[in-house]
Amino acid sequence: MDQIESAEYNGFETTNGASHSDHGWKKVVYPKRNRKQKPSDQTTTANGETHVPNGDNVFRSLEEKAEDRHRRILAAKKAAADDSDDSDPARSKLRSNGYDYDDSDTEAAVGKENVKAEEKKPKVKKEKKPKVTLGEAAAKIDASNLEAFLFEASESYASQPEIQLMRFADYFGRALSGVSSSHFPWVKTFKESPLSKLIDIPLSHIPEAVCKTSADWINQRPIDALGAFVLWALDCILADLAVQQGSAKGGKKGAQQHATSKSQVAIFVTVALVLRRKPDALTNVLPTLRENPKYQGQDKLPVVVWMMAQARTILVNGAVRKGERLIPPPSFEILMRLAFPASSARVKATERFEAIYPLLKEVSLAGVPGSKAMKQVTQQIFTFALKAAGEGNAVLAKEAAAVTIWAITQNVDCCKHWENLYNDNLEASVIVLKKLIDQWKERSVKLTPADTLTLNRTMKSLRLKNEEALEGGAKGASMSLYKDADKCCKVISGKLSSGSGVIKGLAIVAVLAAAGAAAISANPEAIAELKGQVESWDLNKITESVMTAFKN
């Protein structure tokens, strides 16, 4: 075996035998990375090949690129540190001591010192705005200041009344900004308060001088702009309602969302001021409220009712606008059934309808008594109310009977209509007759002589129907109902007869007036004779004669 000689080089360890070029073994050992050689240190082998002691050209090229990239990173860090960290005492101290703060260990140390320094800094608490009630905030509003503000807004936006109204809302928004939602829980208040209380929210807290200044200014705004303002305000209120409902359903997250929402108290104040002074603003937009789905729904009903409460006077007095009723009879029937469902059908919304029903009923029944249009309305109401009274719902029957009697007193022609519907609505008729007896003192004073005459005829007609049914062999429940109805008719007929003396007295006065009171009063015997004649006349005929004379 050939002798093996060993020679160690910086980059490689080569083993040479007798046949170095052809048959020798070569053992390659990679040097440690910290043995850096100058590029000029090269070794040439026997066959003329050149070797780089610390690796081949490929590895060297990669190392050079890495070093260059590292130098650029360090330079960039140093430049950034010089710009932003000269004020950092920890890093300044490191530089003065000759340390390179870009070293990773140094960076970590400085970071820890900064964290500790920040932890030691006292936390500054945000100042909380003092919470005030609506009354406290409103008491600080100066009426003269408001007047000057509105004058300037009117001058600046003379041709833009919509913007003027927005500025009006902005003023109260700033003045009442300290009132939190906890001091004005309008959703809960609207749900739980009766209608009589809703009218006072929130203007009962606003000074009278501020209300007067606002009213005088509102009175000069065009009705179209006021109507648009009411719709805008309604949108704002419903948006806040959606947030509060989300708070109830979304738990903590929803509560946080509501906590950051803008207070709506200023919107309520301004729209209430508008509706009190110009209720027509609401009546102008009522068709929109009826037709647009976004304003409909049981959850939104309390807001609409609150607005109606503010405009109550105009709603009642203007129940009919341009020939169209705000609440026509079919709509009133729906409202009545919603407010008085059977006990088993009651839902959460029932209480809301009960709360607003008195106002809606007042608007539904408003009108000019005796007018042609009102006679048609009363007959429609009488028809569905009579039927509703006999449906077996005791709560609804009580209200429906009262409405039926109202229709009779408003339009005596409903009595004739009653005769036609009597047999098909026997149970309802019994309920109405009993209700009429219970309310006789209240209702009888509203009856005119002509009404008394018509009602008396109706009672006689109903008694004939009762006799025919009983003689015809009515059985079971029908027999009992007819008997009850007949008793009631007799009682009412008796009450009508007991008032005949008053009617006779009216007849005497009417006849005296027709004959010439001055001439007859001079002859007492003539007066006595005339009185005797009147006493002997048929009451019905004399009443008809008097009423005909007055009509002519």
Side-chain angles (χ1 to χ4, degrees), residues 369 378-379 382 385-386 389-390 394 397-472 474 477-511 531-548 550:
T378 52
Q379 286 193 4
F382 174 86
L386 179 64
K398 183 178 180 181
E399 174 62 18
V403 173
T404 302
I405 294 172
W406 168 87
I408 293 173
T409 57
Q410 289 290 312
N411 179 15
V412 73
D413 291 340
C414 290
C415 290
K416 298 177 181 178
H417 193 41
W418 189 3
E419 295 175 23
N420 297 329
L421 299 175
Y422 180 72
N423 287 328
D424 293 333
N425 296 273
L426 181 58
E427 183 177 356
S429 296
V430 172
I431 294 174
V432 171
L433 289 168
K434 290 181 177 180
K435 185 80 171 180
L436 182 58
I437 294 173
D438 293 339
Q439 297 181 350
W440 184 256
K441 289 183 179 180
E442 175 187 351
R443 299 293 181 179
S444 60
V445 295
K446 299 179 181 180
L447 296 175
T448 64
D451 295 341
T452 302
L453 175 63
T454 302
L455 184 58
N456 196 20
R457 284 179 175 175
T458 299
M459 292 299 106
K460 290 181 178 179
S461 175
L462 297 184
R463 290 184 65 185
L464 288 175
K465 292 180 181 295
N466 295 333
E467 291 176 4
E468 291 175 0
L470 292 172
E471 291 176 358
S478 296
M479 178 180 291
S480 177
L481 288 172
Y482 277 116
K483 287 182 176 180
D484 288 343
D486 197 54
K487 291 179 181 179
C488 292
C489 290
K490 288 179 180 179
V491 171
I492 295 173
S493 295
K495 291 181 178 297
L496 289 170
S497 298
S498 64
S500 60
V502 176
I503 297 176
K504 287 181 180 180
L506 291 174
I508 293 173
V509 173
V511 173
K531 182 177 179 181
Q533 291 178 359
V534 170
E535 290 288 347
S536 64
W537 291 345
D538 181 82
L539 177 61
N540 293 338
K541 290 182 179 180
I542 186 62
T543 304
E544 287 180 351
S545 300
V546 172
M547 296 307 300
T548 301
F550 279 126

What is the distance from atom OG1 of Thr458 to atom CD1 of Ile408, rounded to the nearest 0.5 Å?
8.0 Å
The side-chain contact (heavy atoms from CB on, under 4.5 Å) partners of Val430 (sequence neighbours excluded) come to Lys434, Leu481, Asp484, Ala485
Are the side chain of Asn466 and the backbone N or O of Leu462 linked by a donor-acceptor pair below 3.5 Å?
yes
Using side-chain contact (heavy atoms from CB on, under 4.5 Å) as the criterion, list what pairs up with Asn423, not counting sequence neighbours.
Lys465, Tyr482
Nearest atoms (heavy-atom pairs only) where Arg443 meets Ala402:
NH2-O, 3.9 Å
Quick one: CD1 on Ile492 to CD1 on Ile437, what's the gap to the nearest 0.5 Å?
4.5 Å
Could you give the distance from CD1 (Ile431) to CG (Leu386), rounded to the nearest 0.5 Å?
9.5 Å
Going from CZ on Arg457 to OG1 on Thr452, what distance comes out if it is rounded to the nearest 0.5 angstrom?
12.0 Å
State which residues pass side-chain contact (heavy atoms from CB on, under 4.5 Å) with Lys490; sequence neighbours excluded, sorted by chain then number.
Arg463, Asp486
Is any side-chain heavy atom of Lys446 closer than 4.5 Å to a side-chain heavy atom of Gln410?
no
Under a 3.5 Å threshold, yes or no: a donor from one side chain and an acceptor from the other, between Glu419 and Ser461?
yes
Compare every heavy atom of Ala389 with every heavy atom of Ala400, then report the nearest pair and how far apart it is.
CB-N, 3.7 Å
Could you pull out the closest heavy-atom pair between Ser429 and Trp418, with the gap in Å?
OG-NE1, 3.1 Å
Do Thr448 and Asp451 have a side chain donor and acceptor closer than 3.5 Å?
yes
CG of Asn411 to CZ of Phe382: how many Å apart, nearest 0.5 Å?
10.0 Å
What distance do Lys416 atom NZ and Leu421 atom CG have between them, rounded to the nearest 0.5 Å?
14.5 Å
Applying the side-chain contact (heavy atoms from CB on, under 4.5 Å) test to Thr454, which of Pro449, Cys414, Cys415 qualifies?
Cys415
Does any part of the side chain of Met459, heavy atoms only, come nearer than 4.5 Å to the side chain of Leu433, both counted from C-beta?
yes
